[in-house]
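Inspection log for the structure reproduced underneath, given as structure tokens.
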Protein chains: 2
Amino acid sequence: MKLTEARQQFISSWGAFGTHWGINRTMAQIHALLLVSPEALTQDDIMEELNISRGNTNMNIRELINWGLVERVLITGERKEFFTAEKDIWKVVKQIVKERKKRELEPMLHLLDRLEAVEGDKKDKQVKTFVDTISSIKKLGRQADKTLDTMIKAEESWFVGALMKVFK
Amino acid sequence: MKLTEARQQFISSWGAFGTHWGINRTMAQIHALLLVSPEALTQDDIMEELNISRGNTNMNIRELINWGLVERVLITGERKEFFTAEKDIWKVVKQIVKERKKRELEPMLHLLDRLEAVEGDKKDKQVKTFVDTISSIKKLGRQADKTLDTMIKAEESWFVGALMKVFK
DNA sequence: ATATATTTTCAATAATTTTTGAAATTTCGG
DNA sequence: CCGAAATTTCAAAAATTATTGAAAATATAT
């Protein structure tokens, strides 16, 4: 397989992959393109490579920057802005975990705290089932939260080694 | 907070939560409803509680069954079908992990295998960056794959205890 | 300061996904 | 086997989400 074809396949699959995880196709594709690009790219480069509009490109680049996955690069002598993606995949994964934890897991845990305090007699089956479900989700959620916190701080080499001893 | 309100909030939040993870709102809501229902429900119960059409209800129940999160229950003397959700959240999580691994992670790893074999000189920066990126994603993906396999087999109590020793 | 290049915004449009509801099919008791 | 109940299907409609492109805002060189 030729490089051009391989790159295209990777970009397109990464985009499809993203849509299964609540990330829009274009955002994932821009990320993929930057991941396989040795040099930083401009908005125009990205527009051209992916055949997308200026507005779309701009919005999704900014979103990637918000996620901490892409950053602006200043190149001396160049007027345009250049963009580059973090290439260390372990860092990328940690960054995504960190953001999703903050955006989704933490608010969910706060909601569960409030819902657990529902009024009513635990002898009522409806109440019991509700409280039990909420509590068990909360328990697992808290566990996940702590585990992910530790993972975010970990080094990849440590992670791979240590985790494999446990999950033998 | 009253039970009715709490249930509604849980169902609606679980639905919103799902949309961030590539799961459609209704499917997540039906799942939430069944999670907090002590008894198995019929299609009509679900339609009424969530105010959704028969077709929608039916399709999403079947999808939940495909995911292994909901099952049909036969109730003697009743003609209608009843549905119930697995209440053990650890089992639910393992089931979701198992399915997503099969549906997404494994196909992605196969793609990466093929893409890694791209033609071209590794002295070419484009080629080198492409191959390095693909390789490192693959490496981490394989690691995740193994780790998840072990997790799928694990007991919750074991998981919580043992993992916490590592992630101290 | 001005002209020009570049980036950003956002209302309109397009594409995609979800939902409906009625018809077709299946199931099951009698 | 018949008829009613229940389930399933799926084309059309609605809702949601993504994309465009042109205008506005901003930045920079001279």
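Every chain is numbered from 1 and lettered A, B, ... according to where its sequence line falls, protein lines coming before strand lines. No hydrogens, no waters, no symmetry mates; every other heavy atom, side chains included, goes into these values.
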Angle of first-five versus last-five pair axes in the helix from C:dA1-D:dT30 to C:dG30-D:dC1, to 10 degrees: 30°
Distance, rounded to the nearest Å, where A:L74 contributes CG and C:dT7 contributes P: 11 Å
Rounded to the nearest Å, what distance is computed from the CG atom of residue A:N58 to the P atom of nucleotide D:dT26? 14 Å
Give a yes or no on whether A:V73 and A:I30 share a hydrophobic cluster (residues Ile, Leu, Val, Met, Phe, Trp, Tyr; joining criterion: side-chain heavy atoms under 4.5 Å apart). no
Please report the distance, rounded to the nearest Å, between CG in A:D44 and P in C:dT6. 8 Å
Kindly assign one of parallel, tilted or perpendicular to the pair A:F17 and A:W14, based on the angle between their ring planes and the thresholds 30° and 60°. parallel
Close approaches to DNA chain D from residues 23-34 of chain A, in residue order (heavy atom, under 4.0 Å): A:N24, A:T26
Rounded to whole Å, please give me the gap between CG in A:D45 and P in C:dT6. 12 Å
To the nearest angstrom, the CG-P distance between B:L64 and D:dT8 comes to 13 Å
Using atom CD1 of A:I61 as one end and atom C1' of D:dT19 as the other, report the distance to the nearest whole Å. 15 Å
Which letter, B, S or -, goes with each nucleotide of nucleotides 20-30 of chain C from 5' to 3', with contact meaning a protein heavy atom under 4.0 Å? BB-----BB--
Spacing between A:R72 atom CZ and C:dT6 atom P, to the nearest angstrom: 15 Å
